[in-house]
Amino acid sequence: MSEEKILTGDEVLKKYDAESNTMEYSGVMAKFVSALAITFSVFQLYTAIYGVLDAQLQRAIHLGFGLSLAFLLYPTKKSWRRDKLHPLDAILAILGAAAPAYIVVCYSELIRRAGLPTAEDVIFGTLGILLVIEAARRVVGIPMVTVVLVFVIYAFVGPYMPGILIHKGLTLNQFVSHVYFTTEGIFGIPLGVSSTFIFLFILFGAYLEGTGLGKFFIDVANSIAGWASGGPAKVAVLSSGLMGTVSGSSVANVVGTGSLTIPMMKKLGYHKNFAGAVEAAASTGGQLMPPVMGAAAFLMAEFVGVPYVEIVKAAVIPAALYFIGVWLGVHFEAKRNNLKGIPREELPKFFELLRERGHLSIPLIVIVWLLVSGYTPMRAALVAIFLSIICSALKKSTRMKFSEIVKGLENGARNVLGVLVACAAAGIIIGVVTKTGVGLKLASGLLELSGGLLLPSMFLTMITAIILGMGVPTTANYVITSTIAAPALLQMGVPILAAHMFVFYFGIIADVTPPVALAAYAGAGIAGGNALKTGVNASKLAIAAFIIPYMFVLSPELLLVYGVNSGLILALLTAIVGMVALSSSLIGYLAAPLLTWQRIILGAGGLMMIKPGLTTDIIGIAIFAAILFFQIKRKYH
């Protein structure tokens with residue numbers, strides 16, 4: 001990418017976000033696709049209100065809608081025309097509906113002959129599996145398909161595998177029967193969560209976008225932080241964190257807030273590679289920010305076996321630490337380069353904003369209250385969807401027209417396709433893992449490689465999650481790593497929630513980790529910067545995300561698993577001081593510019609505060625205090 005080329009928001013989405021690179025129909029075809037998407041949303045709302053169908057029926061109908069829309073909206077080849085449906089895509093869209101429909105039509109018979117598939121079952125099952133893989137190629141990308149195909153091949157070549165990977169192998173009938181006609185494969189937990197919680201939360205997000213909540217968040221962030229040192233960069237961090245409460249996509253978050261904040265940062269004096277990095281790091285953290293977080297958080301609740309509100313509660317402190325880390329990096333960079341904020345008279349007034357558009361945030365407050373009060377995520381999301389429409393109508397300036405309400409139904413169905421297809425494809429992997437037992441074998445191999453030691457196991461798990469996350473959506477990445485890598489941590493006595501949150505974090509942070517750092521590439525596209533340099537800067541700003549998972553595995557108090565106690569307060573204080581030390585070490589500024597030796601020692605002191613223990617905490621704090629003392633003395637004497 002040319003370092004000087006600046007892309008528009010739409011261009012960035014099409015280039016770096018596979019889920020946004022869709023067909024642009026007009027006329028009858030556009031109306032047909034809209035009608036299909038709206039029908040999909042109506043089905044999901046109907047079952048949420050009146051009760052979901054039997055698991056396999058609900059998931060099959062959900063998949064049928066999803067595959068049909070995927071083949072209609074994502075062409076076989078990117079080079080094909082974007083305004084005309086190709087006959088091949090039309091055929092695949094029909095087959096995409098037919099393969100899951102076979103389960104719906106033959107549901108009673110399939111239950112009676114469970115485990116004994118007929119020839120017709122194998123044909124439709126094979127077709128369904130192939131269609132899911134092809135949809136994943138179009139919507140999610142090649143990396144995801146590569147992982148799925150490796151597991152599919154492994155299912156059949158088990159007898160020829162070396163060492164612990166050997167297994168007796170599956171026949172085509174066994175493979176299809178398990179992966180397509182049980183709830184252990186494609187129609188397993190991931191698609192089950194997609195067909196209930198995730199769809200409704202994504203629809204809720206679509207309506208919040210339609211009400212203009214995103215612009216309200218940016219204006220609020222400007223009013224709070226725009227005047228400070230490096231104001232626009234802090235606005236980017238704050239607004240991305242707020243947007244992250246309702247958006248689960250790093251790239252979409254970069255475009256949504258970055259289109260406004262990145263030009264502001266460049267105007268203030270930030271280098272384009274740093275401006276893009278700020279937005280990338282902040283937007284990636286949006287998937288860690290409660291109450292909605294990324295779609296994988298809903299899967300975590302199912303896999304761990306706890307209410308979703310427990311996942312939200314556990315994520316609060318780590319997410320706060322992450323954004324504190326990014327904020328500190330931005331602050332020290334602004335101080336190092338003497339970057340001023342925006343004059344207060346040019347900024348919106350906080351209380352005026354609340355008076356004019358504060359009502360738009362009511363649904364977000366209500367959904368948090370409902371989750372904390374014990375309502376199911378489905379019921380909470382359902383109430384919030386209707387409340388977002390009602391609240392927008394409280395003032396004429398924010399009121400949604402009927403056409404906009406209908407458009408919200410369409411956008412919700414479109415927005416869910418990436419997660420839906422990723423969940424279905426991840427189901428193939430889960431099916432192979434449960435049928436062959438490869439998950440426990442890989443976990444045992446990981447333990448053996450690490451010598452049975454916790455820190456090396458955590459490091460190897462981190463590398464696995466980051467590699468898998470390069471180009472693979474967070475949802476699918478989490479499914480794979482929680483199936484393969486998390487069991488190794490569990491065998492070493494790590495609490496189940498901490499183990500799953502560990503792989504969740506590193507799957508997300510792959511979005512800013514070179515060489516495949518999609519959020520950083522998107523930020524570089526808007527800023528006109530160099531993608532690799534932007535990725536390196538984003539990784540430095542997001543250093544907290546590389547450190548925090550180690551913190552909460554070694555100090556589970558940070559996940560609030562033991563409630564609020566003295567251990568939590570001490571762990572939190574040392575974590576914050578550690579974040580300050582690490583951020584200043586990486587940027588090269590604390591109270592004044594840091595010398596090279598000071599940066600090295602300060603970084604070591606910050607890392608010491610990761611490991612719980614009075615000795616390491618005291619040493620780390622002493623190092624930080626000493627460097628700060630020398631800095632102040634040097635600055636004022």
Side-chain angles (χ1 to χ4, degrees), residues 19-20 22-25 28-74 85 89-90 92-105 128 131-132 135-136 138-140 186-187 190-210 248-249 295 298 377-378 381-382 384-386 388-389 402-425 427 475:
E19 297 173 28
S20 301
T22 57
M23 298 287 285
E24 297 172 357
Y25 295 118
V28 175
M29 196 63 213
K31 291 177 181 176
F32 174 76
V33 171
S34 293
L36 185 62
I38 292 164
T39 305
F40 186 14
S41 289
V42 169
F43 164 75
Q44 293 289 159
L45 287 171
Y46 179 84
T47 55
I49 295 169
Y50 295 103
V52 297
L53 309 177
D54 288 350
Q56 227 166 339
L57 288 176
Q58 178 82 17
R59 297 167 192 181
I61 296 171
H62 182 74
L63 181 64
F65 273 116
L67 289 179
S68 291
L69 282 169
F71 290 122
L72 290 173
L73 290 171
Y74 297 86
L85 180 66
D89 292 334
L92 289 175
I94 294 169
L95 293 175
Y102 180 78
I103 290 176
V104 177
V105 174
L131 288 168
V132 166
R138 297 177 184 217
V139 182
V140 184
I186 287 175
F187 300 103
L191 197 66
V193 176
S194 172
S195 67
T196 51
F197 310 153
I198 292 176
F199 188 99
L200 292 178
F201 272 84
I202 287 177
L203 184 59
F204 172 52
Y207 274 116
L208 286 184
E209 279 184 41
S249 168
F298 295 97
M378 266 187 75
L382 192 62
I385 287 168
F386 290 110
S388 63
I389 298 171
F402 178 75
S403 60
E404 292 172 328
I405 295 172
V406 174
K407 188 68 177 176
L409 293 173
E410 180 184 349
N411 289 339
R414 282 172 169 258
N415 294 347
V416 84
L417 293 180
V419 174
L420 185 160
V421 171
C423 285
T475 308

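Just so we're clear, the structure is a prediction, and the values are computed from it rather than from any experiment.
For A98, there are no side chain to side chain contact (heavy atoms under 4.5 Å, CB included) partners, not counting sequence neighbours. Every residue was checked against the side chain to side chain donor-acceptor pair (under 3.5 Å) condition with N411, not counting sequence neighbours, and none meets it. For Y207, there are no ring-ring contact (aromatic ring centres under 6.0 Å, His included) partners, not counting sequence neighbours. In terms of the side chain to side chain contact (heavy atoms under 4.5 Å, CB included) criterion, residue partners of F386 (sequence neighbours excluded) are, by chain and number, I49, L382. Shown here are the side chain to side chain contact (heavy atoms under 4.5 Å, CB included) partners of I94, two or more places apart in sequence or in another chain: there are none. With sequence neighbours excluded, no residue forms a ring-ring contact (aromatic ring centres under 6.0 Å, His included) with Y25. Contacts of Y50 classified as ring-ring contact (aromatic ring centres under 6.0 Å, His included), with partners at least two apart in sequence or in another chain: Y46. The side chain to side chain donor-acceptor pair (under 3.5 Å) test applied to Q56 returns no partner, not counting sequence neighbours. Judged as a side chain to side chain contact (heavy atoms under 4.5 Å, CB included), and not counting sequence neighbours, the contacts of A422 are V140, P473, A476.
Interatomic distance, CD1 of I405 versus CD1 of I385, reported as 12.5 Å (0.5 Å rounding). For the atom pair CD1 of I198 and CG of L203, the computed distance is 13.5 Å after rounding to the nearest 0.5 Å. Between atom CG of residue L95 and atom CG of residue L131 there is a gap of 6.0 Å, rounded to the nearest 0.5 Å. Rounding to the nearest 0.5 angstrom, the gap separating the CE atom in M23 from the CG atom in L72 is 9.0 Å. L409 contributes atom CG, which lies 13.0 Å from atom CZ of R414 (distance to the nearest 0.5 angstrom). Note that the CG atom of L63 and the CZ atom of F187 stand 5.0 Å from one another [nearest 0.5 Å].
Minimum interatomic distance between F201 and P377 (heavy atoms only, all atoms of both residues): CE1-O, 3.4 Å. Contact detail for G408 and A206: the closest heavy-atom pair is O-CB, 4.0 Å. Considering every non-hydrogen atom in both G66 and L417, the closest pair reads O-CD2, 3.6 Å. Between A48 and L200, the closest heavy-atom pair is CB-CD1, 3.7 Å. The two residues F204 and S388 have their closest heavy-atom pair at CE1-CB, 4.4 Å. Across all their heavy atoms, L67 and A135 have their closest contact at CD2-CB, 3.7 Å.
The backbone N or O of A93 sits less than 3.5 Å from a side-chain atom of S68, completing a donor-acceptor pair. Distance alone, capped at 3.5 Å, places no donor-acceptor pair between the T47 side chain and the V52 backbone. Remark: side-chain polar atoms of E410 are not paired, donor with acceptor, to backbone N or O of S34 under 3.5 angstrom.
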Practice item. Carefully, step by step, assess L420 and F40 under the rule side-chain contact (heavy atoms from CB on, under 4.5 Å). Key: CA-CA 12 Å; L420 185 160; F40 186 14; 3.7 Å; yes
Practice item. Applying side-chain contact (heavy atoms from CB on, under 4.5 Å), run through V132 and V421 and close with a yes or a no. Key: CA-CA 7 Å; V132 166; V421 171; 5.6 Å; no
Point to revise | side-chain contact (heavy atoms from CB on, under 4.5 Å) between D89 and R138, intermediate numbers included | key: CA-CA 11 Å; D89 292 334; R138 297 177 184 217; 2.8 Å; yes
Review point. Does the side-chain contact (heavy atoms from CB on, under 4.5 Å) test come out yes or no for L53 and F43, once each step is laid out?
Key: CA-CA 11 Å; L53 309 177; F43 164 75; 4.2 Å; yes
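Using a 4.0 Å cut-off between charged nitrogen and carboxylate oxygen, D54 and R59 do not count as a salt-bridge pair. Ion pair E404/K407 not flagged as a salt bridge, since none of the NZ, NE, NH1 or NH2 atoms sits closer than 4.0 Å to an Asp/Glu carboxylate oxygen.
Pairs engaging residues 192-204 under the side chain to side chain donor-acceptor pair (under 3.5 Å) rule: H62-S194 [sequence neighbours left out].
Q58 is listed as a side-chain neighbour of Q44, based on a closest heavy-atom distance under 4.5 Å. No side-chain heavy atom of I61 sits less than 4.5 Å from a side-chain heavy atom of P100.
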